[in-house]
Protein chains: 2
Amino acid sequence: MARVRISDVAAAAGVSTATVSLVLNNRTARISDATRDRVRQAATEVGYTPNSVARGLRTQRSHTIGLISDRIATTPFAGRMLAGAQDVAREHGHLVFLVDTDADETVEREAIRALADQQVDAMIYACMWHRVVDAPASLPRGTVFLDCRPAGGGFPAVVPDDRAGGVSAVRALVAAGHRRIAYLDVDEPHPPVASDLRHRGYLEVLSEAGIDPDPALHVRGDTSSAGGRAATDRLLDLPEDRRPTALFCFNDRMAAGAYVAAHRRGLRIPQDLSIVGYDDQQLVAAELDPPLTTVALPHYEMGRWAMEVALGIRTPDDPGAPHLMPCPIVDRDSVGPPPATAASDSRRRT
Amino acid sequence: MARVRISDVAAAAGVSTATVSLVLNNRTARISDATRDRVRQAATEVGYTPNSVARGLRTQRSHTIGLISDRIATTPFAGRMLAGAQDVAREHGHLVFLVDTDADETVEREAIRALADQQVDAMIYACMWHRVVDAPASLPRGTVFLDCRPAGGGFPAVVPDDRAGGVSAVRALVAAGHRRIAYLDVDEPHPPVASDLRHRGYLEVLSEAGIDPDPALHVRGDTSSAGGRAATDRLLDLPEDRRPTALFCFNDRMAAGAYVAAHRRGLRIPQDLSIVGYDDQQLVAAELDPPLTTVALPHYEMGRWAMEVALGIRTPDDPGAPHLMPCPIVDRDSVGPPPATAASDSRRRT
DNA sequence: CTGAAAGCGCTAACAA
DNA sequence: TTGTTAGCGCTTTCAG
């Protein structure tokens, strides 16, 4: 049960601990091949494996990263960020401490201290959604912000490129022939930054397509299935010539609600109404009938990026600004050409 | 930027490092009140906070727990287990290393070694679903199994009480007056243990209610929305007097598929068909229309339990057998009395 | 009641 | 090419 130490290897190989250390760390430059092999064999024979704590105390590097998050670990949503961060850490021989603070400031402060006391080599501060946050004062410099941006800057950060994601979504709709495209936005006192960014993308595409934005098509609702359904109902209650033929939804849950509203009126997707979501949320986007075309959040890639800069493997291109990670569109079956009646620039046929 | 050490505090307080250590660890028995206060004040003044690595090296306790999982951290499903484990760890001043192995044996082996090298005080081995697993040979004794059971025993373990969960689900249906109750089971070559356990619960309730189990009502399908829909279609294709009035589904996604199948035939839930799911999966159970009555998996509680035994705060009641955690039923709106035509023991009225 | 000194397991100067 | 020694920052006897 007792761990075998470097001195056991030294004894077994008949050399000093210093030699063992050199060999095992591949500082093998000035070691004879014979002793090198002897040491290596002795090490495997006695089953030696170095004590990282002792090594860390001596070298001042723990090969350990602290990842603090509001609740990405304990919530369904952004777990792929962890996967990305983990993978990079593992590829480089690091272990990660994970702390979910539940957005409690006291817990957060204590977590930062505990991680610092454990001598982590770096920290990552992650949020479940793209947000602007006040960086806790005790955060060490160089801490990487993941899926959030520190209000005052000063830290490397990576966030999704929500504007470009909005562009991709609406372009897909325009490319299918739609011209009356609604944006189902969030309805909150302090909307997430993504809300505005995606809206900007939406407006950009309308502009480049020569479409006058209709304010009546920018509706808001709760970011839930129910909210999406209610917002869609309002849209579908518009007179037929002002009614949208396509919906760009802030997220997939709202899109799911839009499906319900459409089905209740006997509208088929995408024949009668095209829909694009956002998030590519498992259990929602792919399970809908028909499967939802949506914009994916690059959680895994952001996680990798953050860990790479935390480990010093990568340096942010522009240290001043957050790194914008592209949001790829996932083409499924909820987008089609507008219905014939609406296609000819909202002129009725019957 | 340089960390302040215990010797800095000692200097500031005009005492030896030993005294500082004693005071800060509340071994204050044989220390005068005066120096105690002086040391404490000096410590806060210089902003001292002990180096856990150095302390761990000396005391042989790292206040660190390793949590190895197949993929609970990076997948939507069982994250609440982490929350439970985390909370307990934090309440007791421990930090947790999280490693997702993606069920890769090599990764797993290396993770175990890395955690051992980091001198973790204990390990938890967690699975995303209730499974029977072969314990990796290198796992230290005393490792706690979370949401899985080691094939050979020999480790403390906690799993959901799936049999009792099946009982609760089917009892709810029987209590509502149903007698023709189907079980939508998993269709896999190696079904999860929960499949059989829930089926046992199902049979138990039928037996206690004096209902003869009808093999035609035990159907199988893919554990997905599509699978649930297909299985339900087969059930609803039965002649009316053999058709079930209620469905107990292996999971919420299958239940979601059952909703689709029912809706396509114009059947209302729960007026025409009652449905109970399993998992209480966020974004599925609560978002369905009407909200799904289901059995919740006690992820959070299992996570707490596992960490409590890992920390030695709790001892398993019966060290031989896995601890069975109750699965509470979550009553929502998908269960009602059977339709009148079927109520009188499957006799047609028209 | 407090201080001196040893040592946790390892690595890095410096000697030999 | 290898060994000796010191020391990372802390806790813990053991003296005083």
Side-chain angles (χ1 to χ4, degrees), chain A residues 1-40 42-43 46-64 93 113-114 116-121, chain B residues 1-40 42-43 46-64 93 113-114 116-121:
Chain A
M1 206 53 209
R3 273 189 75 92
V4 10
R5 290 149 304 165
I6 199 171
S7 57
D8 298 321
V9 180
V15 296
S16 75
T17 62
T19 304
V20 176
S21 175
L22 290 181
V23 171
L24 265 29
N25 290 311
N26 290 318
R27 303 223 165 311
T28 188
R30 322 169 308 179
I31 302 276
S32 76
D33 290 6
T35 50
R36 171 167 51 63
D37 295 345
R38 196 147 37 86
V39 168
R40 288 206 176 129
V46 300
Y48 173 71
T49 176
N51 179 326
S52 306
V53 172
R55 172 183 284 179
L57 181 61
R58 179 66 237 239
T59 61
Q60 306 289 41
R61 310 209 60 236
S62 63
H63 289 266
T64 267
R113 198 179 50 67
D117 292 349
Q118 285 285 354
Q119 312 291 106
V120 295
D121 293 338
Chain B
M1 207 53 210
R3 274 188 74 91
V4 9
R5 290 151 305 167
I6 199 171
S7 58
D8 298 322
V9 180
V15 295
S16 73
T17 62
T19 303
V20 176
S21 175
L22 258 7
V23 170
L24 264 31
N25 290 310
N26 290 318
R27 303 221 166 313
T28 188
R30 321 168 310 179
I31 302 277
S32 76
D33 291 5
T35 49
R36 171 167 51 64
D37 295 344
R38 196 147 37 87
V39 168
R40 288 205 176 130
V46 300
Y48 173 71
T49 177
N51 179 326
S52 306
V53 173
R55 171 183 286 179
L57 181 60
R58 180 65 235 242
T59 60
Q60 306 289 38
R61 308 210 60 238
S62 63
H63 290 266
T64 266
R113 198 180 48 68
D117 291 349
Q118 284 286 352
Q119 311 292 106
V120 296
D121 293 338

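Side-chain atoms are counted along with the backbone in the values below, which use heavy atoms only and exclude waters and symmetry mates.
- Contact between A:V53 and B:L57 at its shortest, heavy atoms only, is CG1-N, 4.0 Å.
- Sorted pairs that involve residues 5-15 of chain B and meet side chain to side chain donor-acceptor pair (under 3.5 Å), not counting sequence neighbours, are lacking altogether.
- Electrostatic pairing of A:R38 and A:D33 does not count as a salt bridge here, judged by no charged N lying under 4.0 Å from a carboxylate O.
- Residue pairs that meet the salt bridge (charged side-chain N to carboxylate O under 4.0 Å, His left out) test with at least one member in residues 13-23 of chain A, sequence neighbours left out, do not exist here.
- The span of DNA chain C lying next to chain A, judged by atoms under 4.0 Å from heavy atoms, is bounded 5' to 3' by C:dG9 to C:dA12.
- At the phosphate of D:dT4, neither OP1 nor OP2 sits under 4.0 Å from any side-chain N or O atom of A:S16.
- With A:S32 contributing its side chain and A:T35 its backbone, the two residues share a donor-acceptor pair below 3.5 Å.
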>> Under the criterion side chain to side chain contact (heavy atoms under 4.5 Å, CB included), I'd like the reasoning laid out for A:T64 against B:Q118: C-alpha separation, chi angles, the key distance, then a yes or no.
In response: CA-CA 9 Å; A:T64 267; B:Q118 284 286 352; 3.6 Å; yes
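- Applying the side-chain hydrogen bond (donor to acceptor under 3.5 Å, both in side chains) rule to B:D121 yields the partners B:S62; only residues at least two apart in sequence or on another chain are considered.
- Nearest heavy-atom pair, B:T17 versus B:I6, reported as atom, atom and distance to 0.1 Å: O-CD1, 3.7 Å.
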Could you list, one pair per line, each protein nitrogen or oxygen that sits under 3.5 Å from a nitrogen or oxygen of nucleotides 9-11 of chain D, together with the distance?
{"residue": "D:dG9", "atom": "OP1", "partner": "A:Q60", "partner atom": "NE2", "Å": "3.4"}
{"residue": "D:dG9", "atom": "N2", "partner": "B:A54", "partner atom": "O", "Å": "3.2"}
{"residue": "D:dC10", "atom": "OP1", "partner": "B:Y48", "partner atom": "OH", "Å": "2.6"}
{"residue": "D:dC10", "atom": "OP1", "partner": "B:N51", "partner atom": "N", "Å": "3.2"}
{"residue": "D:dC10", "atom": "OP2", "partner": "B:I6", "partner atom": "N", "Å": "2.5"}
{"residue": "D:dT11", "atom": "OP1", "partner": "B:N25", "partner atom": "ND2", "Å": "3.2"}
{"residue": "D:dT11", "atom": "OP1", "partner": "B:R55", "partner atom": "NE", "Å": "2.8"}
{"residue": "D:dT11", "atom": "OP1", "partner": "B:R55", "partner atom": "NH2", "Å": "3.1"}
{"residue": "D:dT11", "atom": "OP2", "partner": "B:S21", "partner atom": "OG", "Å": "2.9"}
{"residue": "D:dT11", "atom": "O2", "partner": "B:R58", "partner atom": "NH1", "Å": "2.3"}

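- Taking OG1 from B:T28 and CZ from B:R36, the interatomic distance works out to 5.0 Å, rounded to the nearest 0.5 Å.
- In the helix from C:dC1-D:dG16 to C:dA16-D:dT1, the end axes, each obtained as the rotation axis mapping the C1' atoms of four pairs onto the next four within a five-pair block, lie 50° apart to the nearest 10 degrees.
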>> Assess the residue pair B:R3 and A:Q119 against the criterion (side chain to side chain contact (heavy atoms under 4.5 Å, CB included)); give the C-alpha distance rounded to whole Å, side-chain angles, the decisive distance to 0.1 Å, and a yes or no.
In response: CA-CA 10 Å; B:R3 274 188 74 91; A:Q119 312 291 106; 3.4 Å; yes
